[in-house]
Amino acid sequence: MNLPFHGKKVLLRVDFNVPLDEHHRITDDTRIRAAIPTIQKILDEGGAVILLSHLGRPGKKRLPDGSIDKERFTLRHLVPRLSELLKRPVAFVDETVGPKARAKAASLLPGEVLLLENVRFNEGETKGDAEFARQLAELADLYVNDAFGTAHRRHASTAVVAEYFPKGKKSFGLLMQRELENAGKVLSHPDRPMTAIIGGAKVSDKLLLLERLITFADKLIVGGGMAYTFIKAQGGKVGASLVEDDRLDTALSILQTAREQNTELLLPYDSVIADRFAPDANTQIAPSNDIPDGWMGLDIGTTAREDFAKAITDSKTILWNGPMGVFEMPAFAKGTEAIAHAVAEATRKGAFSLVGGGDSVAALKQTGLDKEVSFVSTGGGALLKFLEGTPLPAVEAMEA
Ligand code: AMP
């Protein structure tokens with residue numbers, strides 16, 4: 001992020017998509033905090049910052065008359081917190097492009113910060129409209145993108161706008177740079193053995209990721225709901241566990257690739273099974289391939305936790321995406337917690353560990369171990385796409 005910021009106006013795309021309560025109060029300001037170093041650097045180097053972000057999905061959650069719910073989705077709600085974190089006033093304008101935004105941007109002085117209105121109030125944003133992007137570009141001299149969470153979308157403010165700035169006038173921000181470096185570290189020349197831990201509900205959501213990792217990792221641990229599709233495909237009895245019957249062949253082909261590539265694919269030997277999908281269900285431990293009818297696997301079992309922990313603590317590079325069970329319910333959170341502890345222990349022993357994807361981060365925070373891994377990614381969908389090897393439009397636009 002070495003652009004000549006001095007005396008320049010910088011259009012900075014951030015991800016301020018923070019959760020708000022019904023009184024429009026911020027309940028978790030992590031994303032705002034994550035952008036502060038980039039904002040501060042531009043200000044310290046004599047630039048002025050024009051902040052651009054989305055908040056929620058105003059186009060999808062409209063008022064009954066079909067109009068945008070501006071009161072709910074306005075970025076104005078963020079001004080006090082942002083101003084407090086930056087220790088300086090933050091100006092706000094209730095439009096993104098247009099005469100008021102242009103006038104405010106034009107009169108901005110070095111060291112000043114202007115927050116534009118929610119970029120998704122304009123229909124052109126999610127459509128990647130070129131004219132809207134051009135109007136955004138006109139507001140500033142330089143463009144910096146620090147919104148890794150939306151890097152997989154070809155929206156006007158994330159990708160298209162970058163096309164209006166030549167090389168030397170655009171850059172990734174510090175957060176985005178770190179995200180790309182850390183995800184890149186896992187994919188190119190990782191210290192081996194490299195172990196990928198993939199969990200969560202469905203095989204179909206993470207198919208491309210599984211197919212890539214099976215050829216690349218030394219060990220692939222598959223837990224969570226998706227494990228039962230693999231176990232059933234091998235002839236196991238999985239009871240009422242989550243299974244995607246249309247993915248049994250896919251699971252078999254991943255298992256076949258694992259054999260061909262000499263990748264160790266670890267499935268949970270046993271499971272915590274429940275007679276209902278409920279926090280107070282009756283539970284017991286059973287082999288994952290011998291689950292009685294009517295019972296469902298909702299967490300990895302005690303033997304699986306030990307097997308997985310051993311594989312993890314022997315590794316030098318670890319990638320973790322997705323919980324090992326229904327961690328939202330305490331009765332089925334122990335498997336995910338055990339994995340969090342193993343990843344933290346491996347990290348203490350010198351491994352590089354990257355945890356990403358919304359639910360894995362939530363699970364890691366639940367165990368209080370989020371400071372004990374090497375890197376926690378802020379990008380859910382964007383990280384998955386990057387790891388799958390799918391080009392990210394925001395990254396490509398920066399390099400064009
Ligand atoms: P994902 O968004 O694909 O990472 O999936 C996360 C979700 O998968 C969480 O809400 C978990 O509750 C759910 N999940 C994990 N394991 C299981 C399981 N064995 N059965 C049903 N759902 C599960």
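In each ligand, atom 1 is the first atom listed, and ligand 1 is the first ligand listed. All of these numbers come straight from a predicted model, not from anything done at the bench.
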Can we say [X] and [Y] salt-bridge, meaning some charged N sits less than 4.0 Å from an Asp/Glu carboxylate O?
{"X": "Arg134", "Y": "Glu138", "value": "yes"}
{"X": "Asp370", "Y": "Lys365", "value": "no"}
{"X": "Lys70", "Y": "Asp94", "value": "no"}

Which of the atoms of ligand 1 are close to [X], meaning less than 4.0 Å from one of its heavy atoms?
{"X": "Gly224", "answer": "16 (N), 19 (N)"}
{"X": "Leu298", "answer": "19 (N), 20 (N)"}
{"X": "Pro323", "answer": "4 (O), 6 (C)"}
{"X": "Tyr228", "answer": "19 (N)"}

Who's the nearest protein heavy-atom neighbour of [atom], and how far?
{"atom": "atom 4 (O) of ligand 1", "answer": "Lys206 NZ, 3.0 Å"}
{"atom": "atom 10 (O) of ligand 1", "answer": "Glu328 OE2, 2.5 Å"}
{"atom": "atom 6 (C) of ligand 1", "answer": "Asp359 OD2, 3.0 Å"}
{"atom": "atom 19 (N) of ligand 1", "answer": "Gly297 O, 3.0 Å"}
{"atom": "atom 5 (O) of ligand 1", "answer": "Ala201 N, 3.1 Å"}
{"atom": "atom 16 (N) of ligand 1", "answer": "Gly225 N, 3.1 Å"}
{"atom": "atom 21 (C) of ligand 1", "answer": "Val326 CG2, 3.8 Å"}
{"atom": "atom 15 (C) of ligand 1", "answer": "Gly325 O, 3.2 Å"}

Shortest non-hydrogen separation from Ala151 to Leu392 and the atoms involved: O-CB, 3.5 Å
N/O donor to acceptor pairs below 3.5 angstrom from side-chain atoms of residues 338-350, sequence neighbours left out:
{"residue": "Thr347", "atom": "OG1", "partner": "Val343", "partner atom": "O", "Å": "2.6"}
{"residue": "Thr347", "atom": "OG1", "partner": "Ser353", "partner atom": "OG", "Å": "2.8"}
{"residue": "Arg348", "atom": "NH1", "partner": "Glu372", "partner atom": "OE1", "Å": "2.7"}
{"residue": "Lys349", "atom": "NZ", "partner": "Thr313", "partner atom": "O", "Å": "2.9"}

Criterion side chain to side chain contact (heavy atoms under 4.5 Å, CB included) on Asp299 and Arg305, from CA distance to verdict: CA-CA 10 Å; Asp299 194 8; Arg305 285 172 219 166; 3.9 Å; yes
Location of contacts on Met296 toward ligand 1, heavy atoms closer than 4.0 Å: neither
Parallel, tilted or perpendicular: ring planes of His77 versus His24, cut at 30 and 60 degrees: parallel
Set of salt bridge (Lys or Arg N to Asp or Glu O under 4.0 Å) partners for Asp141, sequence neighbours left out: none
Arg62 NZ/CZ over Phe121 ring centroid, <6.0 Å and within 45° of normal: no
